[in-house]
Amino acid sequence: MLLSLANILFNGVAYGMLLFLIAVGLSVTMGLMGFANLAHGAFAMLGGYVTATLMAKAGWPFFATLPAAFVLVALASLVLERALYRRLYRAGELDQVLLTIGVVFMAVAGATFVWGPSQAPIRVPAYLTGTVAIGPFDWGVYRLFLIAMGALVTLALIVGLERTRFGAMIRAAVDNPRMATGLGINVDRVFSITFMLGSGLAGLGGALGVNLIGLDPSFPIKYLVYFLIVVAVGGLGSIKGSLIAAIVLGVCDVAGKYYLPDTGAFIIYVIMVSLLLWRPLGLFGRR
Amino acid sequence: MTMTATTDRTLPDPADRRAAAHAFIAGQARWRWPEAVFWLVAAASLVIFPHSLVLAAQVLIAGLFALSLDLILGLGGIVSLGHAAFFGLGAYTAGLLAAHGWNEPLTGLVAAGLVAGLVGFATSFIVVRLKGIALLMVTMGVALLLHEVAQKAHAITGGDDGLQGISMAPILGLFSFDLYGRTAFIYTLAVVFACFLVARRLYNSPFGLALKGMRENGRRVPAIGGSIRRHSALIYTIAAVMAGIAGGLLAQTTEFVSVEVLGFQRSAEVLIMLVLGGAGLLYGGFVGAAVFLVARQILSGIDQTYWFFWLGLMLVLVVLFARNGLLGGAKALLARWRRA
Amino acid sequence: MTSALQTAGLCRNFGALAVTQNVDFVLPVGARQALIGPNGAGKTTFINLLTGLLQPSAGRIRLGGEDITALAPEMRVRRGLVRTFQINTLFPALTPLEAVTLARLEQRGASRRWLGALSGQRAAIDEAYDLLERIGLGADALQETRSLPYGKQRLLEIALALACEPRVLLLDEPAAGVPARESAELFEVIARLPRDLSILFIEHDMELVFRFAERITVLVAGAVLTEGTPAEIASDPQVRQVYLGSAGHG
Ligand SMILES: Nc1ncnc2c1ncn2[C@@H]1O[C@H](COP(=O)(O)OP(=O)(O)O)[C@@H](O)[C@H]1O
Ligand SMILES: [Mg+2]
């Protein structure tokens with residue numbers, strides 16, 4: 001009993017960290033521009049395929065592929081942002097939803113065309129597999145690694161946002177875009193860069209996630225609702241909110257599947273709907 | 001709106017102008033010839049496409065579903081990512097009733113509409129309090145929730161295998177469903193047309209005007225004494241009933257219900273059909289459904305992957321270049337041609 | 001003198017910025033009162049608070065005898081507290097006839113009838129048409145609002161408010177953006193309104209203010225600086241300094 005509880009918490013936190021990695025960029029960009037980007041999961045998927053392909057076809061080591069996933073996805077997102085998204089910043093929610101659903105469909109078709117419809121195989125280095133015994137429990141190494149990566153990224157984000165000049169610009173722009181513009185901040189530019197960074201992070205998350213949740217062309221649709229939950233429940237533009245929402249979501253999901261396998265994701269949806277009724281702006285949202 | 005052109009605005013006598021005002025309002029509700037053409041063509045499918053009646057019935061059902069979304073989106077301005085919730089509820093209601101022996105079609109449809117409407121009424125109070133991403137998430141969440149329930153309640157719904165064992169009694173005790181889908185088509189056409197008449201009436205009613213006001217400028221509505229929340233709740237409930245009837249029709253005419261009636265894909269598809277055809281125009285849903293389903297029939301015959309690609313591309317193009325959909329575009333062309 | 005509308009200790013902040021500061025305000029029944037003050041003084045915010053578009057951080061609002069502080073905007077309208085907007089807030093694709101008919105339907109509680117034809121609401125349409133005729137929009141009743149000249153759109157702002165059977169009418173710069181000659185005409189329309197209607201209007205053109213207002217309230221930086229008859233305000237040195245003396249109003 002105790003054993004399974006610790007296990008569930010551990011697995012849930014690891015899963016939550018992964019969701020956080022992927023979704024945090026979405027949260028910040030949605031907070032910045034209010035752009036409802038349902039295609040965010042496609043960036044994560046692309047990151048996953050970059051890693052899987054580089055490892056399988058080019059023989060790159062796992063760790064070398066991670067920065068590649070980050071950079072390539074960030075660049076791809078820039079193209080998309082310039083070509084399509086930019087035109088709709090001032091448009092209504094419906095247009096944004098439709099356009100990005102269109103992008104999702106095209107991404108799914110494209111991935112099927114290039115990489116085939118089945119699961120992408122990936123073999124992480126041996127030292128990241130198996131378990132280690134610490135105290136009374138066995139811990140999955142890869143999950144420990146994920147948690148460490150999550151913690152690292154969180155730390156980097158917090159330091160980056162709180163301590164750097166660019167971070168201050170992002171915070172100002174999220175808080176009040178009009179005032180930020182008044183202060184001479186180029187909000188458009190800030191947004192472009194933030195969008196790239198956020199998408200890059202999603203790519204990294206997708207690369208890290210292949211070993212845990214798998215990867216196939218339906219990925220952007222399958223996990224869309226999870227990413228959106230993290231954003232909506234955490235509150236737009238809030239890193240702290242995204243982290244807490246992602247971990248709670250991860251733990252609830254794992255616990256729900258363990259204790260109440262018959263209800264499936266039901267509990268998650270109930271929690272999400274009731275939470276949003278209680279706080280329509282999310283846990284830490286202000287706008 | 002096209003009517004303004006035909007009304008003489010320079011009448012000098014106020015009494016004549018008053019009469020013109022009444023004529024203007026009455027004129028907006030008048031039937032126009034393209035509408036007659038549309039329904040005549042739909043009815044003529046019986047002889048024009050005798051071998052595609054199943055597809056034709058699907059188009060009508062999807063069109064009705066899209067029309068119900070048009071009521072909340074095109075008229076009410078509420079973006080829903082989970083409208084399939086009501087379609088699915090209607091489908092399961094009609095399907096379960098028939099599978100358990102209540103196979104009289106018309107009462108089955110009424111039940112489908114009622115159940116969907118009740119849930120719509122209950123959730124409307126939630127929906128009208130939200131906007132932005134919370135609204136998207138909650139509408140989507142409610143549908144996903146029902147989807148999970150349907151999937152897990154295998155004993156009742158058949159889960160992923162679908163609900164089987166539906167067999168319908170003859171309509172009005174007279175017309176049995178046949179293998180070629182003739183009866184199913186006529187039945188569908190009759191029900192869809194009846195629902196359309198209701199929607200059309202609503203469109204030209206005082207409430208229709210209130211909804212147009214909401215769509216045009218939500219900020220002004222409270223300032224003239226209107227309650228956005230109460231208007232939204234009412235239209236949401238009416239739309240849920242109509243979506244439920246569409247779902248019920250699908251269950252009855254195909255004698256099968258799969259869990260995907262509640263799926264996200266169905267919610268997304270109906271949104272696409274409506275926007276493709278043109279939202280807020282009453283007929284956009286039908287036009288969109290026809291184009292969508294026929295295109296899918298043709299393209300997915302080649303490869304499912306391609307269908308997804310074209311679908312995505314279509315969406316992107318519509319959003320970027322044809323915000324009012326095919327019907328809106330055609331209307332604009334027609335107006336330009338008339339002026340030239 | 002009975003008050004039509006009254007506030008006590010009304011406050012509102014946007015973040016650290018206090019936009020309405022402890023305003024005690026009385027609008028007597030039948031008033032023709034002007035609210036003036038430099039740009040950004042918080043005049044529009046004050047009207048937003050009165051009509052419920054914004055919630056006050058502190059203070060109460062009374063309409064007639066009733067405390068309406070917590071009432072939804074549309075409920076205030078039903079009780080006769082009606083406003084116009086500084087920036088046109090109309091229904092662009094509707095005709096004035098439709099827009100005013102809608103306002104009439106809301107007042108008559110008929111706006112949720114969804115199974116009857118709109119053309120069957122003959123009384124509401126007649127009332128809407130008569131109102132438009134009276135205010136000088138009779139010939140434009142069937143044009144799309146967005147195609148009307150700007151001045152006529154400003155008139156429609158007022159028509160929409162009048163269609164709500166106001167007891168208290170709040171006019172936020174009714175002549176904003178209208179050329180001087182037309183704005184005088186606009187104020188003539190306002191001056192012809194029934195005397196039992198209580199009117200508060202915001203206006204920057206001091207000539208119009210002195211011509212049409214019987215009392216004037218001066219708002220500066222969210223607080224009431226002073227209040228009095230046009231003669232008193234004109235000779236008040238404080239007002240001269242902060243308002244009349246300042247270069248720009250607009
Ligand atoms: N929603 C808002 N958020 C932040 N500040 C606002 C908001 N609305 C108005 N303000 C500020 O409040 C002050 C008063 O504005 P307003 O009431 O529109 O002034 P006026 O109508 O007297 O010109 C201005 O400084 C304006 O910038
Ligand atoms: Mg103002």
Side-chain angles (χ1 to χ4, degrees), chain B residues 1 3-15 17-30 71 75 198-231 233-235 237-238 280, chain C residues 51-53 72-78 82-85 89-95 97-122 124-126 128-130 132-133 138-145 147 157 160-161 163-165:
Chain B
M1 275 143 258
M3 282 305 292
T4 38
T6 62
T7 316
D8 188 358
R9 276 170 253 106
T10 54
L11 295 169
D13 181 0
R17 290 212 294 243
R18 175 195 296 266
H22 283 285
F24 171 79
I25 300 273
Q28 291 197 313
R30 196 167 300 131
L71 292 182
L75 229 47
V198 173
R200 196 179 185 285
R201 192 61 190 251
L202 186 152
Y203 193 82
N204 295 307
S205 70
F207 186 49
L209 181 60
L211 292 173
K212 285 168 201 158
M214 245 168 69
R215 180 184 61 184
E216 284 296 305
N217 197 339
R219 213 174 137 78
R220 187 71 197 222
V221 172
I224 55 170
S227 165
I228 301 246
R229 282 190 185 178
R230 292 187 57 194
H231 290 343
L234 176 57
I235 194 62
T237 306
I238 296 171
Chain C
T51 52
L53 233 59
E74 62 268 21
M75 300 313 287
R76 302 183 198 207
V77 174
R78 303 253 172 93
V82 188
R83 71 173 296 177
T84 65
F85 292 82
T89 304
L90 301 166
F91 306 111
L94 298 189
T95 61
L97 179 70
E98 289 169 310
V100 177
T101 300
L102 174 56
R104 291 306 306 147
L105 291 169
E106 294 288 5
Q107 302 319 302
R108 296 170 145 260
S111 64
R112 264 186 295 279
R113 302 218 176 121
W114 60 280
L115 279 174
L118 177 62
S119 54
Q121 302 287 327
R122 298 193 67 88
I125 298 171
D126 275 336
Y129 176 75
D130 290 344
L132 288 168
E133 192 70 58
D140 308 285
L142 306 184
Q143 301 260 33
E144 259 188 30
T145 298
S147 70
E157 269 286 339
L160 274 178
C164 301
E165 299 171 355

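Model, not experiment: these values are computed from the prediction. Note: hydrogens, waters and symmetry copies are ignored here, and every other heavy atom, side chains too, is used. First the proteins, then the strands, lettered A, B, ... as listed; each starts at 1.
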K.L.:
Taking side chain as everything from C-beta outward and backbone as N, CA, C, O, which of these in B/A26 sits under 4.5 Å from a heavy atom of chain C? Side chain, backbone, both or neither.
P.N.:
both
K.L.:
Which atoms form the tightest heavy-atom contact between B/R219 and C/T89, and what is the distance?
P.N.:
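Closest heavy-atom pair between B/R219 and C/T89: CB-CG2, 4.1 Å.
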K.L.:
Between B/R220 and C/R83, which heavy-atom pair has the shortest distance, and what is it?
P.N.:
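Closest approach of B/R220 to C/R83, heavy atoms only: NH2-O, 3.8 Å.
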K.L.:
C/T101: what forms a side chain to side chain donor-acceptor pair (under 3.5 Å) with it, not counting sequence neighbours?
P.N.:
none
K.L.:
Check whether any side-chain heavy atom of B/R229 sits under 4.5 Å from a side-chain heavy atom of C/E74, and report yes or no.
P.N.:
no
K.L.:
If you compare all heavy atoms of C/L94 against all heavy atoms of B/K212, which two are closest, and at what distance to 0.1 Å?
P.N.:
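It is CD2-CB, 4.2 Å.
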K.L.:
When heavy-atom pairs shorter than 4.5 Å are enumerated against chain B, which of C/P92, C/P73, C/S147, C/A99 gives the highest number?
P.N.:
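Of the options given, most contacts go to C/P92.
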K.L.:
Under the rule for side chain to side chain donor-acceptor pair (under 3.5 Å), what residues qualify as partners of B/R201, not counting sequence neighbours?
P.N.:
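Not a single residue meets the side chain to side chain donor-acceptor pair (under 3.5 Å) criterion with B/R201.
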K.L.:
Contact part of C/L132 toward chain B, heavy-atom cut-off under 4.5 Å: side chain, backbone, both or neither?
P.N.:
neither
K.L.:
Can you name the nearest heavy-atom pair linking B/P206 to C/G116, along with the distance?
P.N.:
CD-O, 3.3 Å
K.L.:
Working to the nearest 0.5 angstrom, can you tell me the gap between C/R113 CZ and B/L234 CG?
P.N.:
13.0 Å
K.L.:
Please look at C/L115 and chain B and tell me whether the side chain, the backbone, both or neither of the residue comes under 4.5 angstrom of a heavy atom of that chain.
P.N.:
both
K.L.:
Check whether B/L211 gets within reach of chain C through its side chain, its backbone, both or neither, counting any heavy atom under 4.5 Å.
P.N.:
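For B/L211, no heavy atom lies under 4.5 Å from chain C.
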K.L.:
Taking all non-hydrogen atoms of both residues, which atom of B/R17 and which atom of C/Y129 are closest, and how far apart?
P.N.:
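Where B/R17 meets C/Y129 most closely, the heavy atoms are CB-OH, 2.9 Å.
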K.L.:
Locate the shortest heavy-atom distance separating C/L90 from B/N217; write the atom from each residue and the value.
P.N.:
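Minimum heavy-atom contact is O-ND2, 2.8 Å.
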K.L.:
Could you have a look at C/L118, C/V77, C/I125 and say which one has the most heavy-atom pairs with chain B under 4.5 angstrom?
P.N.:
C/L118
K.L.:
What option among C/G120, C/G138, C/G52 has the most heavy-atom pairs under 4.5 Å with chain B?
P.N.:
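Max contact count across the listed options: C/G138.
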K.L.:
Would you indicate whether B/R200, at its atom CZ, is surrounded by more than 12 heavy atoms from other residues, nucleotides or ligands within a distance under 6.0 Å?
P.N.:
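Yes, the 6.0 Å shell around CZ holds more than 12 heavy atoms from other groups.
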K.L.:
Looking at C/A161, C/S119, C/A110, C/A72, which has the largest count of heavy-atom pairs under 4.5 Å with chain B?
P.N.:
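Top count of heavy-atom pairs under 4.5 Å with chain B: C/S119.
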K.L.:
Under 4.5 Å heavy-atom distance to chain B, tell me which part of C/D126 shows up: side chain, backbone, both or neither.
P.N.:
both
K.L.:
Below 4.5 Å from any heavy atom of chain B, which atoms of C/L97 appear? Answer side chain, backbone, both or neither.
P.N.:
side chain
K.L.:
Between C/V82, C/T84, C/L105, C/L160, who has the most heavy-atom pairs with chain B when the cutoff is under 4.5 Å?
P.N.:
C/L160
K.L.:
With heavy-atom distances below 4.5 Å as the criterion, would you say the side chains of B/V198 and C/W114 are in contact?
P.N.:
yes
K.L.:
Pick from C/T51, C/T145, C/D130, C/L53: which one has the most heavy-atom pairs with chain B under 4.5 Å?
P.N.:
C/D130
K.L.:
Using modelled atom types and a 3.5 Å cut-off, is there a donor and acceptor pairing between side-chain atoms of B/N204 and backbone atoms of C/A117?
P.N.:
no
K.L.:
So which of B/G225, B/G213, B/G208 has the biggest tally of heavy-atom pairs under 4.5 Å with chain C?
P.N.:
B/G225
K.L.:
Okay, side chain of C/Q121, backbone of B/S205: is any donor-acceptor separation there less than 3.5 Å?
P.N.:
no
K.L.:
Under a 4.5 Å heavy-atom cut-off, does chain B meet the side chain of C/F91, its backbone, both or neither?
P.N.:
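Both parts, backbone and side chain.
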K.L.:
Relative to chain B, which segment of C/E133 carries a heavy atom at a distance below 4.5 Å: side chain, backbone, both, or neither?
P.N.:
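Just its side chain gets close to chain B.
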K.L.:
Check whether C/S111 gets within reach of chain B through its side chain, its backbone, both or neither, counting any heavy atom under 4.5 Å.
P.N.:
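Both the backbone and the side chain of C/S111 come within 4.5 Å of chain B.
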K.L.:
With only heavy atoms counted, which part of C/R122 is less than 4.5 Å from chain B, the side chain, the backbone, both or neither?
P.N.:
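For C/R122, heavy atoms of backbone and side chain both lie under 4.5 Å from chain B.
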K.L.:
Give, as side chain, backbone, both or neither, the part of C/A141 having an atom under 4.5 angstrom from any heavy atom of chain B.
P.N.:
neither
K.L.:
With only heavy atoms counted, which part of C/E165 is less than 4.5 Å from chain B, the side chain, the backbone, both or neither?
P.N.:
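Neither part.
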